[in-house]
There are 2 protein chains.
Amino acid sequence: MKKPDRQEMPPVGLVAHDHAACVASALAQAETRCAQEGLRMTPVRRRTLEILLESHVAMGAYDVLARLAAEGLGDKPPVAYRALSFLVEHGFAHRIEKLNAFVACSHPGESHEAVFLICRKCHKVGEANLAQPISGEIGHDGFRVERMVIEAEGLCPDCQRLEAA
Amino acid sequence: MKKPDRQEMPPVGLVAHDHAACVASALAQAETRCAQEGLRMTPVRRRTLEILLESHVAMGAYDVLARLAAEGLGDKPPVAYRALSFLVEHGFAHRIEKLNAFVACSHPGESHEAVFLICRKCHKVGEANLAQPISGEIGHDGFRVERMVIEAEGLCPDCQRLEAA
DNA sequence: TGTTGTTTTGTTATACTATTACAGTTAAAC
DNA sequence: GTTTAACTGTAATAGTATAACAAAACAACA
Ligand SMILES: [Zn+2]
Ligand SMILES: [Zn+2]
Ligand SMILES: [Zn+2]
Ligand SMILES: [Zn+2]
């Protein structure tokens, strides 16, 4: 008997892909959803998302803040934290607990359980998804699951290659 | 077709249990393993484990430190962080990333993938386990998984009851 | 358009979490 | 008993995050 295949799609971010399209699509999605849901995509918020989208590397709040400050968009911690909170709250970005850092969402619009593949060397973060969420499989014994954090730490393909050399 | 049952045992910590036995067994296990593997269970380390074992509530490093300080076992951050690192490194305790906090291990001696059930209200942490680890199900596309963090946030049975009232 | 209520931004201050570095001590190995 | 490695004590500092409140921008509506 074959195990059910849990993986729906490749972990965007760790494999070669058209990143320009990746960025464009994420931004467009965000704009669209904000329009639809009456959310306000302000300059700081938009720029914060753009900064996160530049690469699939997780960024600390203070790294983001430094970038914002360099562009005159605010240089006090709450500026960055508020923008990041907004993005995370609405699914445009994710917080990586293991790194106290943030990445743009690689699968905007989809609402499944994400598994973050975190490279311990380069801090690139891939986002895979479980077709069959495990949150449904735990939560017996009366615990009511509201949110799941699933983070896998390891080595991305690129860093494995460098290590082998 | 029935889904494979992933849950091996109830989430110790969230259900009623003989906690005195729970503590005694965890301490005994730790002592035994240290003896076997030539690890040094020093006073600070033992006391730190005992403090964590008092309840299944996650404690911040500084909470632990305050307790240690009250007993004259050291009052500078590295004291607590070093003891906690030792315990985590050898599987006697776990770090809960979502809370930046620590809990004693509820399943000492077993080496499977743990799922932490974190109550967002009382910070009690249950430790369930997946019979069929998901780390084997991801890591395709060349990502090599080394460690997994699986944390479910929600409401424990007790807090659900309080909320309903 | 002006008024009003809400959301967002700016800023200060502070709290919380964690590590580096180095000196001193203790315990194990020989 | 000397050597060596591991652990502890301490100071200084780095990194992460929030509370609180004032000012500005915006939306809703009269
Ligand atoms: Zn991309
Ligand atoms: Zn990498
Ligand atoms: Zn117990
Ligand atoms: Zn609870």
Side-chain angles (χ1 to χ4, degrees), chain A residues 30 34-49 52 57-90 92-103 118 120 123 149 151, chain B residues 30-31 33-49 51-52 57-90 92-103 118 120 123 149:
Chain A
C34 285
Q36 282 172 353
E37 303 175 25
L39 305 172
R40 287 157 67 178
M41 180 58 86
T42 65
V44 193
R45 291 169 175 180
R46 180 177 300 105
R47 195 69 196 105
T48 299
L49 179 55
L52 289 183
V57 175
M59 294 183 78
Y62 282 78
D63 297 327
V64 171
L65 180 58
R67 293 288 309 276
L68 293 174
E71 305 177 19
L73 283 168
D75 62 343
K76 308 293 189 311
V79 172
Y81 280 101
R82 286 194 284 230
L84 290 166
S85 299
F86 171 86
L87 296 175
V88 167
E89 195 171 331
H90 296 97
F92 305 135
H94 301 288
R95 180 184 164 82
I96 306 298
E97 299 293 344
K98 267 215 74 110
L99 301 177
N100 293 334
F102 303 83
V103 280
I118 308 166
R120 66 168 152 79
H123 283 191
V149 173
E151 298 176 352
Chain B
E31 297 285 359
R33 284 223 10 245
C34 286
Q36 282 172 354
E37 302 175 26
L39 305 171
R40 286 158 67 179
M41 179 59 85
T42 64
V44 192
R45 291 169 175 180
R46 179 177 302 106
R47 195 70 196 103
T48 299
L49 179 54
I51 289 167
L52 288 183
V57 175
M59 293 183 77
Y62 282 78
D63 297 328
V64 171
L65 180 58
R67 292 288 309 275
L68 292 175
E71 305 178 18
L73 283 167
D75 63 342
K76 307 291 189 310
V79 171
Y81 281 101
R82 285 195 285 230
L84 290 166
S85 299
F86 171 86
L87 296 175
V88 168
E89 195 170 330
H90 296 96
F92 305 134
H94 301 288
R95 180 183 163 80
I96 305 300
E97 299 293 344
K98 266 212 75 109
L99 302 178
N100 294 333
F102 302 82
V103 280
I118 307 166
R120 66 169 152 79
H123 284 191
V149 173

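All values derive from a computational prediction rather than experimental measurement. No hydrogens, no waters, no symmetry mates; every other heavy atom, side chains included, goes into these values. Lettering of chains follows the sequences in order, A, B, ..., and the numbering in each one begins at 1.
Annotation: salt bridge (charged side-chain N to carboxylate O under 4.0 Å, His left out) contacts of A:E89 (sequence neighbours excluded): none.
Put simply, the side chain of B:E31 reaches to within 4.5 Å of the side chain of B:R46, judged on heavy atoms.
For the pair A:A61 and A:A80, the tightest heavy-atom approach, listed with the atom from each and the gap, is O-CB, 3.7 Å. Here the closest heavy-atom approach between residue B:L65 and residue B:K76 is recorded as CD1-O, 3.6 Å.
Not one N or O on the side chain of A:E97 forms a donor-acceptor pair closer than 3.5 Å with the backbone of A:V149.
In this structure, CD of A:E97 is placed 16 Å from C1' of D:dG15, rounded to the nearest angstrom. What separates CG of B:L65 from P of C:dT17 is a distance of 12 Å, to the nearest Å. One atom, CG of B:L99, and another, P of C:dA18, lie 11 Å apart when rounded to the nearest Å. Between the C1' atom of C:dT9 and the CZ atom of A:R46 lies a distance of 16 Å, rounded to the nearest Å. Going from atom CG of B:L87 over to atom P of D:dC7 covers 12 Å, rounded to whole Å. Summarising the geometry, the separation between CE on B:M41 and P on D:dA6 is reported as 18 Å, rounded to the nearest angstrom. When the P atom of C:dT8 is taken as reference, atom CZ of A:F86 falls 7 Å away, rounded to whole Å. A straight line from NZ of B:K98 to C1' of D:dT16 spans 16 Å, rounded to a whole angstrom.
Atom CG of residue B:D75 and atom CG of residue B:L68 lie 10.0 Å apart, to the nearest 0.5 angstrom. Separation of atoms CG (A:L73) and CZ (A:R45) is listed at 13.0 Å; rounding is to 0.5 Å. Taking CZ from B:F102 and CG from B:D63, the interatomic distance works out to 11.0 Å, rounded to the nearest 0.5 Å.
Residues of residues 67-76 of chain B that place a heavy atom closer than 4.0 Å to DNA chain C do not occur.
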Measure all distances between protein nitrogen or oxygen atoms and nitrogen or oxygen atoms of nucleotides 17-28 of chain D, and list the pairs falling under 3.5 Å.
residue : atom : partner : partner atom : Å
D:dA17  : OP1  : A:R95   : NH1          : 2.9
D:dA17  : OP1  : A:R95   : NH2          : 2.5
D:dA17  : OP2  : A:Y81   : OH           : 3.0
D:dA17  : O5'  : A:Y81   : OH           : 3.4
D:dA17  : N7   : A:Y62   : OH           : 2.6
D:dA17  : N6   : A:Y62   : OH           : 3.4

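A:F92 and A:F86 have tilted rings, their planes meeting at an angle from 30° to 60° on a 0 to 90° scale.
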